[in-house]
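So the structure is just underneath, and the comments pick up after that.
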Amino acid sequence: MNWQEFFAMGGYAFYVWTSYGVTLLVLLAIAVLPVIQRKLFLKELAHKMKRMKKL
Amino acid sequence: MSLSNAFIAIIRRDLVLAYRRRAEVANPLLFFVLVITLFPLGLGAQTKLLQAMAPGIIWIAALLAAMLSLDSLFRSDFDDGSLEQFILSPHPLSVLILAKIVAHWLVTGLPLLLISPLLAIFLGMPEQSVPVLLWTLLLGTPVLSLIGSIGVALTVGLRRGGMILALLVLPLYIPVLIFAGNAVEMAGSGLPVGAQLNILAAILFAALVLAPLPAAAALKMSMNG
Amino acid sequence: MFLIPDSVGRFFHRMASPPHFYTFTGRLLPWLTAIFIILTAVGLYGGLFLAPADYQQGDSYRIIYIHVPSAWMSLFIYVVMAVAGAIGLVWRIKLAEIVMISSATVGAGFTFIALLTGSLWGKPMWGTWWVWDARLTSELILLFLYLGVIALYGAIDDKRTASRAVAILAIVGVVNIPIIHYSVEWWNTLHQGPTVSKIDKPSIHVSMLIPLLTMAVAFKFYYLVAMLQRARTELIQRERNSQWVKGLIE
């Protein structure tokens with residue numbers, strides 16, 4: 001099987017690759033967003049603590 | 001006061017309160033009739049079409065009316081603090097809630113049942129399906145109140161609980177809608193409906209036993225929170 | 001406690017302490033993520049390259065490798081959510097509550113994926129994007145149940161109270177799911193005659209089954225990764241005033 005055939009998916013490329021693409025996006029968003037959120041939260045908290053120490 | 005006395009006292013009290021607010025009690029009923037009047041206006045008054053859709057229309061309207069009336073189940077008791085008294089009373093809260101649900105159904109569910117023959121005529125429903133419609137409403141609307149009580153108990157403390165209540169409760173109403181709507185439809189074509197009615201009765205008994213427990217837990221949560 | 005070996009009991013006891021949970025899952029997560037990626041790579045290689053095209057559906061059936069595992073996960077996660085909720089309610093374990101609410105979003109995601117891929121698979125097979133087929137209809141109702149859980153959690157400000165509310169709702173939901181599922185199935189056979197769904201029972205060959213099961217296991221690991229990531233974030237936000245969270249910064 002060559003690559004072109006593989007990507008064509010027997011004419012069903014749109015349906016198959018949209019399915020896989022959206023799945024990837026959704027799964028990525030669900031797992032990665034909380035990590036970013038956590039990093040931001042910790043940064044903010046560190047900032048707050050620094051200010052508290054100064055006072 | 002014994003448990004059965006307390007049970008009856010709550011029902012009597014709620015019925016008296018409802019009698020004093022007659023106008024408010026009539027609202028879900030009016031809503032029910034109004035929604036069903038909208039269908040011929042929206043779809044066109046084609047007898048065949050309306051006849052085919054009548055069971056579904058009546059049941060969906062009943063579902064919505066039941067859902068809208070749910071808010072009154074605990075609202076006034078929550079606002080005036082009676083709910084706290086219920087929780088503090090020595091009787092199990094779930095039984096007291098069951099009494100409230102019974103009273104609520106008598107005030108909001110039973111009228112739907114009584115007016116539905118008129119609506120069946122509006123929609124041109126065949127005569128032989130009217131008794132079945134009454135049976136499904138008799139068995140089904142108490143389930144709506146019972147399941148609904150869980151949803152209201154969860155949201156009674158919220159300021160904007162209305163939309164969330166719909167989201168919580170409507171998916172759980174689906175089995176009742178399916179079996180009841182189908183029974184009425186089958187009766188229209190003269191088919192036996194014993195199985196559907198038996199299933200509805202089974203759902204009713206299961207809900208009678210099970211629903212007050214999570215409702216009580218949810219109500220305690222709402223009061224403490 | 002009598003039936004559980006002491007070491008296991010101690011493990012769970014320690015895991016129930018937030019700082020322990022945080023550091024332990026922090027060490028565990030890279031491994032879980034690696035296993036997920038490897039399994040997915042193996043599963044997709046088997047499914048997209050090795051497995052032959054279906055003799056009826058051609059290559060469109062390859063959506064099965066995400067559709068069916070997602071549908072399985074959507075139910076599985078709901079049950080996990082209800083169990084975690086029950087544990088949280090009975091023993092008042094904060095971490096069980098956090099696991100419960102972190103699962104909800106992941107479960108809703110899988111339900112959405114199952115619906116979307118079902119629709120994308122249905123288009124070439126049925127000729128329309130949506131058919132009121134029993135599987136898709138149940139999945140749609142399940143999505144509403146998940147959205148109800150998430151909305152209720154968001155509506156209550158105090159997160160401990162919100163967790164208890166959600167736990168009650170999840171338990172009620174899990175009791176109702178079989179009834180809903182059965183009624184929808186019954187409704188479907190009645191209205192559509194014999195089911196038109198080819199998604200339900202594809203005559204599956206071993207070369208297709210192995211990648212499918214691999215993907216199912218891979219998605220279980222994904223669930224662990226995503227749920228734990230969400231749980232860690234939720235945990236430090238809830239415990240923002242505690243010493244150990246402040247200790248994380250130094």
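Naming convention: chains lettered A, B, ... in sequence-line order (proteins, then strands); numbering from 1 in each chain.
Annotation: the span from C:W121 atom CH2 to A:Y15 atom OH amounts to 14.5 Å, rounded to 0.5 Å. The structure places CG of C:L248 at 9.0 Å from CG of A:L45, a figure rounded to the nearest 0.5 Å. Note that CZ of C:F110 is 7.5 Å distant from CD1 of A:I30, once rounded to the nearest 0.5 Å.
At a 4.5 Å heavy-atom cutoff, the contact between A:M49 and chain C is made by side-chain atoms alone. Neither the backbone nor the side chain of C:Y61 has a heavy atom closer than 4.5 Å to any heavy atom of chain A.
Taking non-hydrogen atoms and a 4.5 Å limit, the residue list of residues 228-237 of chain C in contact with chain A, ordered by number, reads C:Q229, C:R230, C:R232, C:T233, C:I236, C:Q237.
Counting non-hydrogen atoms of other residues, nucleotides and ligands closer than 6.0 Å to CZ of C:F112 gives a total of 12 or fewer. Counted within 6.0 Å of CH2 on C:W31, heavy atoms from surrounding residues, nucleotides or ligands total 12 or fewer; the atom is thus considered open. Applying the 6.0 Å contact sphere to NZ of C:K246 captures more than 12 heavy atoms from other residues, nucleotides or ligands.
Counting only heavy atoms from C-beta outward, the side chains of C:T117 and A:T23 approach each other to under 4.5 Å. By the 4.5 Å heavy-atom criterion applied to side chains, A:Y20 and C:L44 are counted as neighbours. With a 4.5 Å cut-off on side-chain heavy atoms, C:I66 and A:S19 count as touching. You'll find the side chain of A:Y12 stays beyond 4.5 Å of the side chain of C:R62, heavy atoms only.
Of all heavy-atom pairs between A:V26 and C:Y222, the closest is O-OH, 4.4 Å.
Of all the listed residues (A:L27, A:L33, A:V16), the one sharing the greatest number of non-hydrogen pairs under 4.5 Å with chain C is A:L27.
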Applying side-chain contact (heavy atoms from CB on, under 4.5 Å), run through A:F14 and C:K123 and close with a yes or a no. CA-CA 11 Å; A:F14 171 73; C:K123 177 66 180 163; over 6 Å; no

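Classified by interplanar angle (parallel below 30°, tilted 30° to 60°, perpendicular above 60°), the ring pair C:F49/A:F6 is parallel.
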